[in-house]
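Note that the structure is predicted; figures quoted are calculated from it, not measured. Residue numbers begin at 1 in each chain, while the letters A, B, ... track the order of the sequences.
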Protein chains: 2
Amino acid sequence: MSSLTAGNRRPVRLADIAKAAGVSHGTASNVFSRPEIVREEVRDRVRAAAEAMGYAGPDPKGRLLRAGKVNAIGVATAEPLSYFFDDPFARVMMAGISQACDATGAGISLVSAANNEQLAWNIQSALVDGFIVFCIEGGSRLVELARERKLPFVALDLDSEDGSVAAIGVDNIAGAGLAARHLTDLGHRRFAVLALPFADDRTGLVLPEQVRAATYAGTRDRLTGYLRELARVGIDTSKVPVYETANDVASTKAGLETVFASDTPPTAILAMSDRIALVALEWLSARGLRVPDDVSVVGFDGVPEAAVSEPPLTTIAQPIAEMGRLAVRAILESDGPVSRHQLPVELIVRGSSGPPRG
Amino acid sequence: MSSLTAGNRRPVRLADIAKAAGVSHGTASNVFSRPEIVREEVRDRVRAAAEAMGYAGPDPKGRLLRAGKVNAIGVATAEPLSYFFDDPFARVMMAGISQACDATGAGISLVSAANNEQLAWNIQSALVDGFIVFCIEGGSRLVELARERKLPFVALDLDSEDGSVAAIGVDNIAGAGLAARHLTDLGHRRFAVLALPFADDRTGLVLPEQVRAATYAGTRDRLTGYLRELARVGIDTSKVPVYETANDVASTKAGLETVFASDTPPTAILAMSDRIALVALEWLSARGLRVPDDVSVVGFDGVPEAAVSEPPLTTIAQPIAEMGRLAVRAILESDGPVSRHQLPVELIVRGSSGPPRG
DNA sequence: AGCAGATTTTGAATCGATCCAATGAAAACA
DNA sequence: TGTTTTCATTGGATCGATTCAAAATCTGCT
């Protein structure tokens, strides 16, 4: 007395239609994967059966197990998923990754999670052929998890520490040096650094011992590059305020409040990311300070937004999209030894930097 | 004489470590998936074996087949993958999707392809629990492919035609009407429409029969909304130029060239997307035409960029992120009948529209 | 020691396909 | 007609795990 067509829909399997069409599952499989080798009459019969039974085609879940290859690469971060679409750096990077994936026909899986347990599980169970790991925050943990999967993976924005992991990044020390040198050449002597995180979940002024204990080598390297160059022109770097932000609006503004509360406010700001620098530009303008007349700002990254800000941002450009492309290639052709690439950075001088007043 | 440790690395399976630890694979499996039910001593032994043999943990490929659920939703488009990170509409949509996925712990798989064959294959073999389909270009084909997978899926930006597919969209006719009404209320009588694609791979002035043959109902609906409202105030809509763009810079500029080559150029432009409208703004400014004094422009979508353009863009805002969130929920709780949601749109008046000169 | 009950462990079945060596049938040739 | 080739089909093995009913072991109690 139950329904005619419905029933409790156990999904149709290849074997079901094989039986219905009166052929072996081997033949049924061939109809879908190599139709040319099966006789036309049989092929049609099987296809008809499939049609009749509402068969959706070979289930990729089954195929996967046999084939081994997923044909997708995972991009992992400890940020929420929306990071991929919000953050300018991430977006350019993803554009590069997309390009390389499109070219090779690979798909992209976005892996992320709110909390740490979820993250671990998501990485452990991600169906991918390899990982590209965004080492922004929570980088070390991510790298550890990715490594445990024993799949090819490459770390982005390399925290150069561990030579055993494949990584693609830039020479942060040299890049930061370029930024600092640009400003000292212009005559600046009073600096403030708005830093990326040195370790998880902390913001505020940074003490030297915290720098030494930095989880993120990238951040430390940039600071090293800055300070080394400042020291070269005789600046007492121990007096240079370094404020650790979370690379977001709120903490950056807090940092600006702090460093400009000083009696001798900086005439130049070294921002470790364009995101931070752009927030600074806005904050300074709201505060009535003119850029670059009152304060110069130099960013880091070279995101597209930096070219169209008011004023346009002087920055250290990384070949972001190229890094993405390289990362994909490193995964797909993961042979040989761990590949570590260090790409060049470039100082791009725009309107946000100029000589200090007077 | 070959290497000591290497060998030809057949990856370690759960069964291997089970044998090594002297337990059944059932027990070995339990050690990883429900450690609490296995005796501590055994657990340690198995874990030690795993460690020693370099076992990466249960392979998700195997688990997947048994479990059935992938725990990821696929987002499909016929555009290249970079579309997700470049296009403003897509980005806001993806932000909404991300949010909902983060909340439920689901992952996101980006599915796309350069050519049609690849696309079909990629959709057929995507490891996902459901699809969200971006029906921008190539929409109908995409919907067809997604439907064939017999997985839950929802079409975005609904081409309302087919009531049997779940879809989430806005009332395009009413939205377009709002835009046109706004301009006629301001006194405009000479219009041009810059349209989204009516069918694949075509651009140029559109004839009525092409509209009737439109593949994309969304585009047709918006046009209907525009023209109906224009007709209401006595405008001969057969004289209103409708230029079909590919929603990109080049074709939009070509459309502008065309409609402004007329003896009686429009005083108001109805753009079917903010992307088109923003290009128009730029083109008009470069051409020395002032907005809104010489020409008014009204967009469609309500992307963030529209709020910060010069001048800010008057537009019909869709609740884009909300649509994304709804779509995810529709997939994950895909029970009951096909869910079709029509969300409200809103006219947002900004600086790009004003009364016509004189 | 004997037995009920609780706790662990086992091993076969299952998930849904692909692959391939063997078999069968038909065509080609002597 | 017998033998070789060619082509199509079969069915068992495999991919790597999970699940669960049944068997084995351990506890506690009389």
Side-chain angles (χ1 to χ4, degrees), chain A residues 9-47 49-50 53-71 121 124-129 149-151, chain B residues 9-47 49-50 53-71 121 124-129 149-151:
Chain A
R9 279 215 173 279
R10 179 127 130 6
V12 225
R13 297 185 325 293
L14 186 52
D16 299 328
I17 71 152
K19 192 183 310 171
V23 298
S24 72
H25 51 271
T27 299
S29 174
N30 286 334
V31 170
F32 292 97
S33 47
R34 305 128 84 196
E36 69 282 2
I37 76 162
V38 12
R39 194 153 46 92
E40 185 175 353
E41 188 259 320
V42 177
R43 209 188 323 167
D44 292 347
R45 185 148 42 93
V46 173
R47 288 210 174 118
M53 305 180 66
Y55 181 61
D59 186 333
K61 293 206 275 299
R63 194 205 327 267
L64 174 61
L65 186 53
R66 193 95 243 283
K69 276 232 153 287
V70 182
N71 201 34
W121 173 255
Q124 279 156 13
S125 64
L127 290 157
V128 298
D129 297 322
R149 270 299 294 275
K150 309 214 163 129
L151 289 176
Chain B
R9 280 220 173 273
R10 181 127 132 5
V12 220
R13 296 181 330 289
L14 184 53
D16 299 329
I17 71 152
K19 192 181 313 169
V23 299
S24 72
H25 35 264
T27 300
S29 173
N30 286 334
V31 169
F32 293 98
S33 46
R34 305 128 84 195
E36 69 281 3
I37 74 163
V38 12
R39 192 155 46 95
E40 186 176 351
E41 188 260 318
V42 177
R43 210 187 322 165
D44 293 345
R45 185 148 42 93
V46 173
R47 288 208 174 121
M53 304 181 65
Y55 181 61
D59 186 333
K61 294 204 278 296
R63 185 194 350 254
L64 173 62
L65 186 54
R66 192 101 243 282
K69 277 233 153 284
V70 183
N71 200 34
W121 174 255
Q124 279 158 12
S125 63
L127 291 157
V128 297
D129 297 322
R149 269 300 293 274
K150 309 213 162 128
L151 289 177

> C/dT14 phosphate, OP1 or OP2: any side-chain N/O from B/Arg66 under 4.0 angstrom?
Replying inline: no

> Given atom CD of A/Gln124 and atom C1' of D/dT18, what is their separation to the nearest angstrom?
Replying inline: 17 Å

> Looking at residues at least two apart in the chain, or sitting in another chain, which of them share a side-chain hydrogen bond (donor to acceptor under 3.5 Å, both in side chains) with B/Arg39?
Replying inline: B/Glu41

> Whole Å only: how far is the CG atom of A/Leu65 from the P atom of C/dA17?
Replying inline: 12 Å

> With distance as the sole test, does B/Arg63 use its side chain to make a donor-acceptor pair with the main-chain N or O of A/Ser125 at under 3.5 Å?
Replying inline: no

> Under 3.5 Å, side chain of A/Arg43 to main-chain N/O of A/Val31, donor-acceptor pair present?
Replying inline: no

> Hey, what bend do you get for the helix from C/dA1-D/dT30 to C/dA30-D/dT1 if you fit axes on five pairs at each end, rounded to 10°?
Replying inline: 50°

>> Whether B/Ser29 contacts D/dA17 is assessed here as follows: a side-chain N or O lying under 4.0 Å from the phosphate OP1 or OP2. Is that the case?
In response: no

> Given atom CG of B/Asp16 and atom C1' of D/dA17, what is their separation to the nearest angstrom?
Replying inline: 12 Å

> Between A/Ile17 (CD1) and C/dG16 (C1'), how many Å, whole number?
Replying inline: 12 Å

>> I need the B/Asp59 CG to B/Arg13 CZ distance, nearest 0.5 Å.
In response: 11.0 Å

> Does B/Arg47 reach the side chain of B/Pro35, with side-chain heavy atoms less than 4.5 Å apart?
Replying inline: yes

> Can you check whether B/Arg63 has a side-chain N or O nearer than 4.0 Å to OP1 or OP2 of D/dT18?
Replying inline: yes

> Does any non-hydrogen side-chain atom of A/Val70 lie less than 4.5 Å from one of A/Asp129?
Replying inline: yes

>> If the cut-off is 4.0 Å, is A/Tyr55 near the phosphate of C/dA17, judged by side-chain N/O to OP1 or OP2?
In response: yes

>> Within the 4.0 Å limit for protein heavy atoms, which parts of nucleotides 5-12 of chain C are touched? Write it as a string from 5' to 3', B for base, S for sugar-phosphate only, - for none.
In response: ---SSBBB

> Would you say A/Lys19 has more than 12 foreign heavy atoms packed within less than 6.0 Å of its NZ?
Replying inline: no

>> Could you tell me how far apart A/Leu14 (CG) and C/dT14 (P) are, to the nearest whole angstrom?
In response: 17 Å

>> What is the distance, to the nearest angstrom, from the NZ atom on B/Lys69 to the C1' atom on D/dA17?
In response: 18 Å

>> In this structure, how many angstroms lie between the C1' atom of C/dC15 and the CG atom of B/Leu127, rounded?
In response: 14 Å

> CZ of A/Phe32 versus P of C/dA17: gap in Å, rounded?
Replying inline: 9 Å

>> Any side-chain to backbone donor/acceptor pair from B/Arg45 onto B/Val23? Under 3.5 Å, distance only.
In response: no

>> Ignoring hydrogens, what is the shortest heavy-atom contact between A/Leu64 and A/Lys69? Give both atom names and the distance.
In response: CD1-O, 3.5 Å

